[in-house]
Amino acid sequence: MKIVKMRKSVFVSTIVVSSLLFGSVGAFAGTGIEAIKAKLNHNIKFVLDGSKWIPKDQSGNNLSALVYSGSTYVPLRAVSEALGAEVDFDANSSTISINSSGDSGIPYNDDSTASAPVATSAPAATSAPAATSAPATPSTPSTPSTSNGKTFGSAIPVGKSISFDDPYSYDGLAYTGNYTVSVTSVKSVTRSEIAALGFREPEANSLIEYKLAKVKITLKNGKLISDDNHENTYVSVALLPALWGSKTSDGNSIIGVTDYGFTGSLDDALDEATDGKKLVSGQTYNYTAEGLVIVPVTKGSTNYLTIQLNNKDDYDNSFFYFNLQ
């Protein structure tokens with residue numbers, strides 16, 4: 001049985017940024033529509049933020065994942081709305097708009113009129129070929145930063161770390177942990193190098209380029225406090241800060257990173273470090289995981305990898321910024 005683990009940092013954006021890495025189904029010249037052969041896989045299960053989830057259509061009917069050419073496609077509206085986004089379709093222009101908390105994910109402050117392509121699905125890579133390139137800077141042990149990381153001016157430098165507590169509580173599910181996070185190395189990565197990692201080559205875009213960051217996360221004293229609905233949450237999904245995306249100091253942002261689906265990814269490291277365990281009341285969890293993350297960034301700007309606390313009670317103060325230079 002295949003389980004699709006979804007985190008909010010991956011999917012939500014007016015442009016579904018992760019789809020830039022995976023592409024979309026090709027269009028037939030003239031009509032823009034192409035007939036394909038695909039299969040609905042009713043055995044694929046979904047885990048949304050650590051909880052079991054079933055996508056449904058607007059009539060309440062259960063939906064299944066579609067498998068086409070070895071990639072998994074998920075229902076866009078169901079996924080987006082489950083993550084708090086609004087979906088609209090403009091029939092005149094054949095444009096799908098996804099609005100997430102008023103942040104479009106488009107570098108709207110740029111003067112350029114170029115725009116990123118809108119994809120209607122975000123297929124996940126189903127194979128993990130060996131990576132053909134490694135970060136230019138070798139990973140080194142991180143040391144505590146003197147910066148607090150809460151502003152761009154105090155962003156955490158490469159090789160430095162920040163530690164923080166991050167309790168979570170919602171609808172009967174509560175857990176907590178202390179995290180130490182660092183970016184241990186960064187390099188620019190080309191579209192062809194992304195393709196060599198096992199994805200479809202991203203479409204050229206005048207506003208976006210990519211960084212390959214090695215991210216290290218250490219959890220101490222992770223605990224399940226309550227699970228009233230018996231959600232059987234995975235450690236690697238729940239006890240993890242959200243990799244939100246990238247921001248610039250002049251107001252541009254791109255929501256979403258890709259931390260799974262290729263050899264050396266952070267998701268692989270987390271799975272290995274947690275051994276597929278689920279949270280159990282009364283147990284304490286500790287792990288250290290270090291792996292690669294593909295980060296779309298605004299071209300020509302100073303960008304910061306942005307992570308967000310699970311506890312968003314003070315939303316404006318829920319972000320940490322890490323230098324990507």
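For the numbers below, each heavy atom of this structure counts, side chains included, while hydrogens, waters and symmetry mates do not. Just so you know, residue 1 is the first one in the sequence shown, and it goes up from there.
Counting only distance, with no hydrogens or angles, the side chain of R191 and the backbone of E201 share no donor-acceptor pair below 3.5 Å. Although no hydrogens or angles enter the test, the distance criterion places no donor-acceptor pair under 3.5 Å between the side chain of N303 and the main chain of S246. Side chain of T298 to backbone of S301: no donor-acceptor contact under 3.5 angstrom is found. Side chain of D259 to backbone of V293: no donor-acceptor contact under 3.5 angstrom is found. Using a distance-only test at 3.5 Å, with no hydrogens or angles considered, a donor-acceptor pair links the side chain of N311 to the main chain of D313. Here the side chain of T151 pairs a donor or acceptor atom with the backbone of S154 at under 3.5 angstrom.
With hydrophobic clusters built from ILVMFWY side chains whose heavy atoms lie under 4.5 angstrom apart, L63 does not share a cluster with V79.
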Worked check of side-chain hydrogen bond (donor to acceptor under 3.5 Å, both in side chains) between S182 and T184: CA-CA 6 Å; S182 63; T184 57; 5.6 Å; no

Verdict with supporting geometry, N229 and D171, side chain to side chain contact (heavy atoms under 4.5 Å, CB included): CA-CA 8 Å; N229 299 319; D171 194 26; 3.8 Å; yes

Check against side chain to side chain contact (heavy atoms under 4.5 Å, CB included), V237 and V235: CA-CA 5 Å; V237 174; V235 174; over 6 Å; no

K211/S188 under side-chain hydrogen bond (donor to acceptor under 3.5 Å, both in side chains): CA gap, chis, key distance, verdict: CA-CA 4 Å; K211 299 286 187 179; S188 296; 3.1 Å; yes

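Using a 4.5 Å cut-off on side-chain heavy atoms (C-beta onward), Y175 and K223 make no contact. Side-chain atoms of I225 and T176, non-hydrogen and from C-beta on, do get closer than 4.5 Å to each other. At a threshold of 4.5 Å between non-hydrogen side-chain atoms, the residues L324 and T302 do not count as touching.
A donor-acceptor contact under 3.5 angstrom links the side chains of N310 and D166, judged on distance only. With no hydrogens or angles considered, no side-chain donor-acceptor pair links K278 and T233 at under 3.5 Å.
Between Y304 and F322, the distance from one ring center to the other does not fall under 6.0 angstrom.
Crowding of E272 atom CD: a count of heavy atoms from other residues, nucleotides or ligands under 6.0 Å not exceeding 12. Few gaps surround CZ on F152; more than 12 heavy atoms of other groups in view lie less than 6.0 Å from it.
Both cation-pi conditions hold for K150 and F320: the charged atom is under 6.0 angstrom from the six-membered ring centre and inside a 45 degree cone around its axis.
Under the side chain to side chain donor-acceptor pair (under 3.5 Å) criterion, S318 pairs with Q308, not counting sequence neighbours.
Between F319 and W244, the ring-plane angle classifies as perpendicular under the 30° and 60° cut-offs.
If you take CG on D165 and CG on N178, they are separated by 4.5 Å, rounding to the nearest 0.5 Å.
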